[in-house]
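From a predicted model like this one, the values you see are computed outputs, not experimental measurements. Throughout, a chain's letter reflects where its sequence line sits, starting with A, and its residues are numbered from 1. The basis for the numbers below is simple: all heavy atoms, side chains too, and nothing from hydrogens, waters or symmetry mates.
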Number of protein chains: 2
Amino acid sequence: MPPVRRLRSAKATPAALHLTRFLPYRLSVLANTVSHTVAKLYETRFGITIPEWRIIAVLGGGETLSAGDIARRTAMDKVQVSRAISRMLDSALILRESGDTDRRKALLTLTPKALAIYAEIVPMALAYEAELTDALSDEERATLDQLLTRLQARADALAAPAAAETEAEEG
Amino acid sequence: MPPVRRLRSAKATPAALHLTRFLPYRLSVLANTVSHTVAKLYETRFGITIPEWRIIAVLGGGETLSAGDIARRTAMDKVQVSRAISRMLDSALILRESGDTDRRKALLTLTPKALAIYAEIVPMALAYEAELTDALSDEERATLDQLLTRLQARADALAAPAAAETEAEEG
DNA sequence: TTGCAACAGTTTCAAACGAAACTATCTTGT
DNA sequence: ACAAGATAGTTTCGTTTGAAACTGTTGCAA
């Protein structure tokens, strides 16, 4: 029996790693490329940043939310949300009024100006998304959706080393 | 014939957009979660950042490259590479010598210290990747690979609006 | 050759970032 | 009722970032 089968796992090479095949790297590069493109889109057309776009996206239905709600729904941290809101107040995209029952919470609503942007930006966003997945069949799109969902769940689990055993079923 | 079929596309709602279903958003959040986790891994164990890890990854085979080569292979920009190299010189992870034929180019090689990190970090990186794709079948992993490749190609094409028609077949 | 554009890499500057500290408000336990 | 702790949101501080300007080197053209 020849020793051929052991050649690949010889200990001289400590298991090759090609960056371009490494999933974290690939995800980072892809997300970066995409983000950069859409950011430029939003910036040049509406003068808003990605955090501002996300806030517009979650408030675009006309809902009223607190900053904390927004942070949760956009996966941004509260500092980022606070700063984005402050910019949006300056540019009259958002309306802030003190909560009645809880004065710590500020109730946030989009202004008509922001709603107009929303109406215009959503088709653009969807168009970009459509172009991005242009070469994918409907079935592939569904698979992608599924895989991303599962990867995110797994990544979340691996991100919280020991903590939050009980929070696991939050969803 | 009842008007039922027109209800979904009534113009009152300007096409809904749920952030959590929006591909650019999902990619961004996923890549962020993953990056943050591996960054913490590398930082606590070896005291290096992601840019430094990427440089170690491409030089880990023992190859000698210029800063520009590294920038291209890691998809980082030259500023980021320059700064990472400068940090690595300080911590004796990299060796820089002036090019002989072209004195603009600096030839970069890993020190034994960095090679030792490489030997130790690669299994960790692969282990994380394996854990991340734990719940995926071999077939699903292959599909994911394929989909990411195609999305990246498409994203690249959409990122360069009018330019680089001729560069399209560069790979 | 000399001058000029292209290139490699570094530095500068202003913006963006995250962690931690802080202010203000609300909740809970005694 | 009130102190102790939790929560909402802002501010501060040191670091990281990317674009543009800059330095030095090479290649090319007149």
**Report entry** Rounded distance (Å) that lies between atom C1' of C:dT23 and atom CG of A:D102
**Finding:** 15 Å

Query - Whole angstrom value for the distance that separates P of D:dG9 from CE of A:M76 - result: 13 Å

Report task. List the steps, then state whether salt bridge (charged side-chain N to carboxylate O under 4.0 Å, His left out) holds for B:D69 with B:R72. Result -> CA-CA 5 Å; B:D69 295 335; B:R72 246 166 277 119; 3.2 Å; yes

Query raised in the report: With a 3.5 Å cut-off and no angle check, do the side chains of B:T133 and A:R154 form a donor-acceptor pair?
Result: no

Query raised in the report: Side-chain N or O of A:R103 less than 4.0 angstrom from OP1 or OP2 on C:dC26?
Result: yes

Requested in this report: Verify the contact: side-chain N or O of A:Q80 to OP1 or OP2 of C:dC17, cut-off strictly under 4.0 Å; return yes or no.
Outcome: yes

Query raised in the report: Please give, in whole Å, the distance from C:dC7 P to B:D69 CG?
Result: 15 Å

Query raised in the report: NA contact type, A:S66, heavy-atom cut-off 4.0 Å: base, sugar-phosphate, or nothing?
Result: sugar-phosphate

Query raised in the report: Which part of the nucleic acid, if any, lies within reach of B:S98 when heavy atoms closer than 4.0 Å are counted: base, sugar-phosphate only, or nothing?
Result: nothing

Query raised in the report: If you check every side-chain atom of B:R83, which of C:dG18, D:dT17, D:dA8 has the closest atom?
Result: D:dT17

Query raised in the report: Of all the choices, C:dT10, D:dG18, C:dA20, which nucleotide is nearest to the side chain of B:K78 once you look at every atom?
Result: C:dT10

Query raised in the report: Whole Å only: how far is the CG atom of A:D90 from the P atom of C:dA15?
Result: 14 Å

Query raised in the report: Would you call the rings of A:W53 and A:Y42 parallel, tilted or perpendicular, where under 30° means parallel and over 60° means perpendicular?
Result: tilted

Query raised in the report: So, B:T49 versus B:R83: side-chain donor-acceptor pair below 3.5 Å or not?
Result: no

Query - Under 3.5 Å donor-acceptor pair, A:R96 side-chain atoms to D:dG9 base atoms - result: no

Requested in this report: Record whether the side chain of A:R104 comes under 3.5 Å of the base of C:dC26 through a donor-acceptor pair of N or O atoms.
Outcome: no

Query raised in the report: Side chain of A:K105: nearest nucleotide among D:dG18, C:dC26, D:dA8?
Result: D:dA8

Query raised in the report: Are any of A:H36's side-chain N or O atoms less than 4.0 Å away from OP1 or OP2 of D:dA19?
Result: yes

Query - Spacing between B:D77 atom CG and D:dA20 atom P, to the nearest angstrom - result: 12 Å

**Report entry** Pairwise 5' ranking along DNA chain C for A:T101 and B:G68, keeping only the more 5' one
**Finding:** B:G68

**Report entry** B:R21 CZ: over 12 foreign heavy atoms closer than 6.0 Å
**Finding:** no

Report summary line: Between A:R72 and B:V79, whichever has its closest DNA chain D nucleotide further toward 5' is A:R72

Query raised in the report: For the side chain of A:S82, counting heavy atoms from C-beta on, which of D:dT10, C:dT11, C:dC26 is nearest?
Result: D:dT10

Report summary line: Rounded to whole Å, the CZ-P distance (B:R87 to C:dT10) equals 13 Å

Query raised in the report: More 5' along DNA chain D: A:N32 or A:L89, using each one's nearest nucleotide?
Result: A:L89

Query raised in the report: Will you find, in the side chains of B:T20 and A:R73, an N or O donor that is under 3.5 Å from an N or O acceptor?
Result: no

Query raised in the report: What is the distance from CD of A:E43 to C1' of D:dA19, rounded to the nearest Å?
Result: 13 Å

